[in-house]
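To start, the structure under review is shown below, and the notes come after it.
For clarity, every value in this text was computed on a predicted model and none was experimentally measured. Labels below follow one simple rule: chain letters A, B, ... track the order of the sequence lines, proteins then strands, and each chain is numbered from 1. These numbers come from the heavy atoms of this one structure, side chains and all, not from hydrogens, waters or symmetry mates.
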Amino acid sequence: MEGKPSSSGAPGAKLPRAFYARDTRDVARELIGKLLVHVEGGVRRVARIVETEAYHGPDDRASHARFGPTRRAAIMFGPPGVAYVYLIYGTSHCMNVVTGAEGFPSAVLLRAAEPVEGCLHSTRGPGNLCRALGIRRQHDNGRDLTGDDLFVEDAPPPGPILSGRRVNVDYAGPWSEKPWRYALAGSPWVSGPRVAGRTKPRRR
DNA sequence: CCAAGGATTGGC
DNA sequence: CCAATCCTTGGA
């Protein structure tokens, strides 16, 4: 799970599994600007991703995988290119894309997007984004993102990308300080606190 | 089995 | 600031 170009090909093309089968943080950064598509009952709902967070590896104390492959988190240990959707606080659904090599628990939380087509609600915030696109745990958890119902389309490169601490993971101690939140600079659709700084050109 | 708490949101 | 609301997890 290394290297690989930033975009897989032509805008409008569905991202292939190989896109997801790389380092979580690279996938999180490169998902910015791409189009999340949910098709249900012939209705197409689309939003442009503007904010993500990486949850990376078995030692990441902020990750749902921190307790190992439990019933909920097992999907993070599975093959990449699959949706991980869970219910938080009994009120909001959150969608991730599973990344990295099978057996290495990692995923990218989709935190916010810009509405493009058919959105039912605000797409600002992870719970709102799912609600806007009709994505929910019982319906979409475990869904293969190379299928025709829920996937991400390639798109032209976005503007500058910022990175900073992840949101609401203070319980994770030092891991809460990892700069694994990514956002499109200047987008009014980015949720939560302001993102700290610009991403460094090539280092991590 | 039970208690605790959460990768959030919206209202006061 | 705080409660909603239910699923997940760890511990007794």
Side-chain angles (χ1 to χ4, degrees), chain A residues 20 23-32 34 36 38 47 49-78 80-100 104-115 119-143 145 150 152 161-184 187-196:
Chain A
Y20 302 101
D23 187 286
T24 323
R25 295 151 296 188
D26 291 336
V27 176
R29 185 193 310 262
E30 292 171 26
L31 278 173
I32 302 296
K34 304 272 191 284
L36 176 63
H38 185 214
I49 300 167
V50 300
E51 182 187 359
T52 62
E53 276 178 359
Y55 289 85
H56 185 260
D59 300 324
D60 182 356
R61 306 305 280 175
S63 172
H64 288 168
R66 67 189 180 280
F67 297 124
T70 59
R71 204 166 74 166
R72 178 176 67 169
I75 192 167
M76 292 182 68
F77 291 76
V82 169
Y84 165 39
V85 183
Y86 66 93
L87 183 64
I88 185 66
Y89 296 110
T91 56
S92 306
H93 299 263
C94 294
M95 176 179 167
N96 301 252
V97 298
V98 176
T99 58
F104 184 82
S106 53
V108 173
L109 172 67
L110 306 182
R111 286 195 56 88
E114 172 187 333
C119 292
L120 302 166
H121 188 74
S122 165
T123 51
R124 190 169 187 265
N128 286 332
L129 173 58
C130 283
R131 182 174 164 189
L133 296 199
I135 295 164
R136 51 232 190 256
R137 173 181 153 275
Q138 287 190 312
H139 191 253
D140 298 292
N141 188 38
R143 195 170 290 271
L145 299 177
L150 182 63
V152 182
I161 297 172
L162 309 177
S163 67
R165 308 172 44 135
R166 293 173 290 182
V167 178
N168 288 336
V169 293
D170 291 341
Y171 59 81
W175 292 87
S176 68
E177 297 163 27
K178 298 284 185 185
W180 292 349
R181 177 190 183 205
Y182 303 90
L184 179 60
S187 172
W189 294 98
V190 173
S191 72
R194 294 287 175 240
V195 188

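Looking at heavy-atom distances under 4.0 Å, A:Met76 makes contact with a base. Nucleic acid contact for A:Asn128: sugar-phosphate only, since backbone atoms but no base atoms lie under 4.0 Å from a heavy atom of the residue. Residue A:His93 is out of contact with every strand shown, counting any heavy-atom pair closer than 4.0 Å. Contact annotation for A:Arg72: backbone-only contact, meaning every heavy-atom pair under 4.0 Å involves sugar-phosphate atoms and none involves a base.
Every residue meeting the ring-ring contact (aromatic ring centres under 6.0 Å, His included) condition with A:Tyr86, not counting sequence neighbours, appears here in chain and number order: A:His64, A:Tyr84. Residues meeting the side-chain contact (heavy atoms from CB on, under 4.5 Å) test with A:Ala183, sequence neighbours left out: A:Glu51, A:Val190, A:Val195. Residues that satisfy the salt bridge (Lys or Arg N to Asp or Glu O under 4.0 Å) test with A:Arg61, not counting sequence neighbours, are absent from this structure. Residues satisfying the salt bridge (Lys or Arg N to Asp or Glu O under 4.0 Å) criterion with A:Arg137, sequence neighbours excluded, are absent altogether. Residues satisfying the side-chain contact (heavy atoms from CB on, under 4.5 Å) test with A:His121, not counting sequence neighbours, are A:Asn128, A:Arg131, A:Ala132. Legend: residues meeting side-chain contact (heavy atoms from CB on, under 4.5 Å) with A:Ala107, ordered by chain and number and at least two apart, are A:Met76, A:Asn96. Partners of A:Tyr55 by side chain to side chain donor-acceptor pair (under 3.5 Å), not counting sequence neighbours, listed by chain and number: A:Glu53.
Extent of DNA chain B lying under 4.0 Å from chain A heavy atoms, first and last nucleotide in 5' to 3' order, is B:dG6 to B:dG10.
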Nucleotide N/O to protein N/O under 3.5 Å, stretch nucleotides 10-12 of chain C:
none

Is there any protein nitrogen or oxygen under 3.5 Å from a nitrogen or oxygen in nucleotides 3-6 of chain C, and what are the pairs?
unit_1	atom_1	unit_2	atom_2	d
C:dT5	O2	A:Tyr89	O	2.0

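Between A:Leu129 atom CG and A:Leu109 atom CG the span is 9.0 Å, to the nearest 0.5 Å. Taken from CD in A:Glu114 to SG in A:Cys119, the straight-line distance is 9.5 Å, to the nearest 0.5 Å.
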Q) Using Watson-Crick and G-U wobble pairs whose two distances are both under 3.5 Å, how do you write the pairing of DNA chain C as dot-bracket, with | for links to another strand? A) ||||.||||||.
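In this structure, the side chain of A:Arg66 engages the main chain of A:Ser63 through a donor-acceptor pair within 3.5 Å. Judged by distance alone, the side chain of A:His93 and the main-chain N or O of A:Cys130 form no donor-acceptor pair under 3.5 Å.
Pairs passing the salt bridge (charged side-chain N to carboxylate O under 4.0 Å, His left out) check and including a residue from residues 166-180 of chain A, sequence neighbours excluded, read A:Asp60-A:Arg166, A:Arg165-A:Asp170.
Taking atom P on both nucleotides, B:dC2 is separated from C:dT5 by 22 Å, rounded to a whole Å. Taking atom P in both C:dA3 and B:dA4, the straight-line distance is 16 Å, to the nearest Å.
For the pair A:Val98 and A:Gly78, the tightest heavy-atom approach, listed with the atom from each and the gap, is CG1-O, 3.8 Å.
Residues A:Val169 and A:His121 both approach DNA chain B. Their nearest nucleotides, taken by heavy-atom distance, put A:Val169 toward the 5′ side.
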